[in-house]
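Throughout, a chain's letter reflects where its sequence line sits, starting with A, and its residues are numbered from 1. None of these values were measured; they are calculated from a predicted model.
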Number of protein chains: 2
Amino acid sequence: MDAPAKPTRIQTQKRELILDAALDVFSTNGFRGSTIDQIADAAGMSKPNLLYYFKSKEDIHATLIQRLLETWLAPLHEIDDIGDPLTELKAYIRRKLEMARDYPRESRLFANEILQGAPRIMPLLEGELKSLVDEKALIIKGWMRDGKIAQTDPRHLIFSIWATTQHYADFDVQVRAVLGPDRGGDGRFDDAARFLEQLFLDGLRPKR
Amino acid sequence: MDAPAKPTRIQTQKRELILDAALDVFSTNGFRGSTIDQIADAAGMSKPNLLYYFKSKEDIHATLIQRLLETWLAPLHEIDDIGDPLTELKAYIRRKLEMARDYPRESRLFANEILQGAPRIMPLLEGELKSLVDEKALIIKGWMRDGKIAQTDPRHLIFSIWATTQHYADFDVQVRAVLGPDRGGDGRFDDAARFLEQLFLDGLRPKR
DNA sequence: CTAACGTTTGTCCAATCGGTCAAAAAATTG
DNA sequence: CAATTTTTTGACCGATTGGACAAACGTTAG
């Protein structure tokens, strides 16, 4: 009957250590570009030892992806039609930007997966993600009908928020290179936050 | 003295064929995720035959990247302060969106490179790209001083245009999955164009 | 025809890959 | 302590990889 056999303290610790190292490696090299040896090195253990905790490279990656998705969609879940629409959207943009700042590795892991055609999470995109977006698009559409925000395509609005915020994680090296060492430092996320708020609220047309 | 020995007709033809096949393969699998055999298969020739035209996998990739960058920055080059600022920016957004539609493979190749830390093009980002952005940021800053467009950060404005347009190439499978088979079709770029124009011009705050 | 040159491929090689295994080393339990 | 279980590792395996090479094939010029 093979009971699950609850994990020892060492097991949970080491598994966590491996997952953190693997996130480093996978997020910068992609799945195929990463080797078990690299991950084992980064985790400070031998390859067979790593394979004692995870039965394959796929297994590590799958665990990582699954965990990622839970936290990744949380900000979108939080959108509801209770508060003020513009405040709600501003808060969503801010949360997404904070995630790009605080969890850039997760963002890049996700980007790598999508770039390569999402072979491992396609069903999830068409299922859970699509219905979540559909649901939030309806809320946004309601705001538009009530004249609370401008009339536009709610789905492309969501895309544009994803794109602009995740850009600071996924294209980090480019952003840093262009801004130079001065503003490539810590201030760039504050600058981005200010800019995005203005863009999404009022656009570029000058006031008159 | 080893003259360059001008290439035969077959050589230029086959090299082009290989580059096209390699663009397919590299853009969906990344550099390390792609094999010479895959590229050779896609080009309809044997591996040694391919290596007769390019001396290594690196060589193919480098050629591809170099070529990409020439065309990739062309739209940004075209921005000047002769025309009307808002029209100029609208045109830039449109051109970038058309490139995402017509050259998605190039966009993904670039994204893959940046995601992995831009190991092969870092100097170019800090040199050519940075100075080009600096130059255009100055033009945009001028428009802002003249009150032609709203006061904001010109560099983050450029980032947001890159992010929102390239998103439709790099995250294509996600966009399609979320929009569903109906709007995942051909119309999505038109929808995106309409949405982005409104976003960048007037934002989301309702008119009153 | 034949010599010269450009093109193509089958075969091979060393390095690296994901993963196995048995045996040693630690840790835990009685 | 000894017995048992968990953890760690060195050695190894078959498959895949990037690339080399020489031989074969094709084409063209004399």
Side-chain angles (χ1 to χ4, degrees), chain A residues 1-65 112-113 116 119-120, chain B residues 1-65 112-113 116 119-120:
Chain A
M1 279 304 150
D2 231 357
K6 65 183 162 200
T8 66
R9 176 184 45 85
I10 281 192
Q11 267 166 357
T12 40
Q13 258 181 7
K14 294 274 167 134
R15 278 181 66 96
E16 221 51 43
L17 183 71
I18 291 170
L19 285 175
D20 188 72
L23 184 54
D24 264 0
V25 176
F26 279 138
S27 67
T28 52
N29 301 110
F31 181 77
R32 279 219 47 184
S34 306
T35 71
I36 298 185
D37 272 313
Q38 281 175 35
I39 301 172
D41 273 2
M45 62 179 71
S46 65
K47 181 168 65 172
N49 195 12
L50 183 148
L51 285 167
Y52 170 73
Y53 292 103
F54 287 90
K55 73 173 192 295
S56 71
K57 182 179 164 186
E58 273 275 349
D59 189 18
I60 308 175
H61 193 260
T63 307
L64 232 33
I65 287 274
N112 260 308
E113 186 64 16
Q116 273 146 45
R120 296 161 235 273
Chain B
M1 278 303 153
D2 229 355
K6 66 184 164 199
T8 66
R9 177 184 45 85
I10 282 192
Q11 266 167 357
T12 40
Q13 257 182 6
K14 294 274 169 134
R15 278 180 66 96
E16 222 52 43
L17 183 71
I18 291 170
L19 286 174
D20 188 71
L23 184 55
D24 264 1
V25 177
F26 280 137
S27 68
T28 52
N29 301 109
F31 180 77
R32 280 219 46 186
S34 307
T35 71
I36 300 186
D37 270 314
Q38 281 175 39
I39 301 173
D41 273 1
M45 62 179 72
S46 65
K47 181 168 66 172
N49 195 12
L50 183 148
L51 285 168
Y52 171 73
Y53 292 102
F54 288 89
K55 73 175 192 293
S56 71
K57 182 178 163 185
E58 274 275 348
D59 189 17
I60 308 175
H61 192 261
T63 306
L64 231 34
I65 288 273
N112 260 308
E113 186 63 17
Q116 273 146 45
R120 296 162 236 272

>> Strictly below 4.0 Å: does A/Gln11 bring a side-chain N or O up to OP1 or OP2 of D/dT6?
In response: no

> Quick one: ring pair (Phe, Tyr, Trp, His ring centres under 6.0 Å) pairs with a partner in residues 39-58 of chain A, sequence neighbours left out?
Replying inline: none

> Where along residues 55-65 of chain B does a heavy atom come under 4.0 Å from DNA chain D, residue by residue in number order?
Replying inline: B/Ser56, B/Lys57

>> Rounded at 0.5 Å granularity, tell me how far CD1 in B/Ile60 sits from NZ in B/Lys57.
In response: 9.0 Å

>> Could you tell me how far apart A/Phe54 (CZ) and D/dT7 (C1') are, to the nearest whole angstrom?
In response: 15 Å

> Under a 4.0 Å heavy-atom cut-off, which of residues 46-53 of chain A touch DNA chain C?
Replying inline: A/Lys47, A/Pro48, A/Leu51

> Where along residues 17-28 of chain B does a heavy atom fall under 4.0 Å from DNA chain C?
Replying inline: none

Please tabulate, one pair per line, each protein N/O and nucleotide N/O from nucleotides 24-28 of chain C that are separated by under 3.5 Å, including the distance.
none

> What does the inter-axis angle of the helix from C/dC1-D/dG30 to C/dG30-D/dC1 come out as, five pairs per end, nearest 10 degrees?
Replying inline: 10°

>> To the nearest 0.5 Å, what is the distance between NE2 on A/His61 and CD1 on A/Ile39?
In response: 9.0 Å

>> According to side chain to side chain contact (heavy atoms under 4.5 Å, CB included), who are the partners of A/Leu51, at least two apart in sequence or on a separate chain?
In response: A/Ile36, A/Lys47

>> Please give me the minimum heavy-atom distance between B/Phe26 and B/Leu64, naming the atom from each residue.
In response: CD1-CD2, 3.8 Å

> Looking at DNA chain C, which of residues 36-44 of chain B put a heavy atom within less than 4.0 Å of it?
Replying inline: none

> Can you list the steps and then say if A/Leu50 with A/Met45 is a side chain to side chain contact (heavy atoms under 4.5 Å, CB included)?
Replying inline: CA-CA 7 Å; A/Leu50 183 148; A/Met45 62 179 71; 4.1 Å; yes

> How close or far is atom C1' of C/dC17 from atom CZ of A/Phe31, stated in whole angstroms?
Replying inline: 12 Å

> Just how far is it from atom CD of B/Glu113 to atom CZ of B/Phe31, taken to the nearest 0.5 Å?
Replying inline: 9.0 Å

> Roughly how far, to the nearest 0.5 Å, is the NZ atom of B/Lys14 from the CG atom of B/Leu19?
Replying inline: 13.5 Å

>> Among residues at least two apart in sequence or on other chains, which ones pass side chain to side chain contact (heavy atoms under 4.5 Å, CB included) with B/Asp20?
In response: B/Arg105

> When rounded to the nearest 0.5 angstrom, what is the spacing between CD1 in A/Ile18 and OG1 in A/Thr63?
Replying inline: 10.5 Å

> Roughly how far, to the nearest 0.5 Å, is OG1 of B/Thr28 from CG of B/Asp24?
Replying inline: 7.0 Å

> Can you name the side chain to side chain contact (heavy atoms under 4.5 Å, CB included) partners of B/Gln38, sequence neighbours left out?
Replying inline: A/Arg32, B/Val25, B/Asn29, B/Thr35

>> Going by the rule side chain to side chain donor-acceptor pair (under 3.5 Å), which residues pair with B/Glu16 if we only count those two or more places apart in sequence or in a different chain?
In response: B/Arg67

> By salt bridge (charged side-chain N to carboxylate O under 4.0 Å, His left out), which residues pair with A/Arg15, not counting sequence neighbours?
Replying inline: none

> Nearest nucleotide by nearest heavy atom, which residue falls closer to the 5' end of DNA chain D, A/Arg32 or A/Met45?
Replying inline: A/Met45

